[in-house]
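Read the structure below first, then the notes.
Quick note on labels: first sequence line is chain A, next is B, and so on, each numbered from 1.
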Amino acid sequence: MAGSKTYYLTTPIYYVNDVPHIGHAYTTLACDVLARFMRLDGYDVKFLTGTDEHGQKVEKSAQAAGVDPQAFTDRVSQNFRDLVGVMDYSNDDFIRTTEPRHVASVQALWTRLVEAGDIYLGSYAGWYSVRDEAFYGTDELRDGPNGKKIAPTGAECEWVEEPSYFFRLSAWQDRLLAFYDANPDFILPPGKRNEVVAFVKGGLQDLSVSRTTFKWGIPVPGDDAHIMYVWLDALTNYITAVGYPQTEGGEFAKYWPADLHMVGKDILRFHAVYWPAFLMAAGLQPPKRVFAHGWWTIEGQKMSKSLGNVIAPETLVKTYGLDQTRYFLLREVPFGNDGDFSHAAMVRRINSELANDYGNLVQRVLSMIGKNCGAQVPQPGPFTEADEALLGRARALLGTLRAEIGVQAFHKALDAVWAVVGDANRYVDEQAPWALKKTDPARMATVLYVLAETIRHLAILTQPVMPAASSRILDQLALGPDARGFDRLGQGGALVPGTALPAPQGVFPRYVEEPKT
RNA sequence: GGCAGCGUAGCUCAGUGGUAGAGCAGGGGAAUCAUAAUCCCUUGGUCGGGGGUUCAAAUCCCUCCGCUGCUACCA
């Protein structure tokens, strides 16, 4: 399988100055599910995440903490590495922008861009607010006393001019538009694509890509007075991780261009405009897709430190369980849209869909097999039309999921799986194996076999979203590690009658509210 | 302001010209294998307001109201 089909996907690198919250967890979760799905489907997957560790804010935070920036980032980036364990992410690499491999990569890319004539030295001038650490456009400012300009934030601005290197972004407008046109799925969802195209059509200015006002960053080759613009630094991580500047052979040849950059909607432009332009200028291929997902609100309110409603991923996992949390985040909201997290919705999903629909289906079937079939995979007789119908729907799921996961429609993929869960529950009621037990034990065995085989399909297919629970179900079907890939779906990997099965155990407990004190 | 999108059952949403749909919530019933889980039936909407095109509009056009996103160098 290795060497044939590859899939390279990335999360953004997270800014170490932030504390990990549900939003970070969500982005990486989506990638993790995709990565697991593709691996099970036989792809050679590389799944990358990491931390963005340069910039003025980090420099200041380190200063405030009284430590040097490197020691500071060593400490805070651990928060994000810990998140990997909390959420059971299966990333293959964790990159940090302070690593030597990345510094070398960024400087190589810079040099390449200079050689290509796309970077030149100019000067950046504008109205700067020292208090806000930001430049403002003339149209944003109002006149204050003594001819001062006042920013929207109320801060006084002064005219500042500093030398800066520029990237010739303006030269790439037409080529970017041609690229979007030739690759209609480069930006998803479609609404976001339209925004980006409109933005680029509106005209592009050259981009200031160096700074001289602080030091914590990667020095510009040959001009140590400048450090590189954080986005040029940060975006390059995606090629650093596959070995850039080594582009011949190795991981770069194997994995680039990336199949997917998953990003939050707030950083779409950097990935969908600047990044392809940088890459094309360097003679490299742009990624195949950038997907911009939405944001979460909490109980209907925007997440914010001042409201005190920021949810740490650990809290969710401790309160509801890891698989439950992973399921909820991908099931509750059409992927790409904004969504709301609420306790009530979470409990509804856990109890109705996981415990009652899926968990109880597994339990009722395995329990009947345990009691009535000698705790072995039952021996089926001839299949009826109803049997074939259910098996057919279970076997058709893979095709559906490939299509939905292929466009990052996680909610639709799960919806399709639960449609079969519903079919299976209806089938149990219609076939009533508990009645067949007395009238036609052979038919009962067939019905239970069909159900066990259906559950096998469901559990194999829910592995990417709920690895632990799915694994426990597969354990209960006595399926070993080599019997859990998508290549085993369908008749080829069918359960073997007579195989001994362990005693069934519940996999999805109901969420019971703590009694009020 | 400009551009784009949205407004459909209590809630979340699907439905782009031909007798209004799903899930959840609410009501009734069946069954009893199972985590009192499951299954069946059912209440419920002048499809944001108004106007127009059409034999026929949630679906096309105009307009009004409300909401959201984008409108570059803070990440």
Quiz prompt | Pairwise C1' distance, B/A72 and B/U53 [rounded to whole Å] | solution = 43 Å
Exercise. Grab the CZ-P distance between A/F199 and B/C3 for me, whole Å please.
Key: 18 Å
Quiz prompt | Non-hydrogen atoms of A/I369 and A/L501 that approach each other most closely | solution = CG2-CD1, 3.9 Å
Quiz item: Which one, B/C33, B/A72, B/G69, comes nearest to the side chain of A/E195?
Solution: B/G69
Self-check item: Residue A/Y274, side-chain atoms from C-beta onward, closest of B/U38, B/A72, B/C33
Solution: B/A72
Quiz item: Hey, does A/R510 reach any base, or is it just sugar-phosphate, or nothing, if we go heavy atoms under 4.0 Å?
Solution: base
Self-check item: Ionic contact status for A/E453 with A/R456, cut-off 4.0 Å
Solution: yes
Quiz item: Of the nucleotides B/C24, B/A34, B/C39, which has the atom closest to the A/Q363 side chain?
Solution: B/A34
Exercise. May I ask you to check whether A/F335 and A/Y26 place their ring centres under 6.0 Å from each other?
Key: yes
Quiz prompt | Under 3.5 Å on both distances, the Watson-Crick or G-U partner of B/U46 | solution = none
Quiz item: Between A/H102 and A/T240, does any side-chain donor sit less than 3.5 Å from a side-chain acceptor?
Solution: yes
Practice problem: Counting heavy atoms from C-beta on, name the nucleotide in B/C40, B/C24, B/A75 closest to the side chain of A/R348. | Solution: B/C24
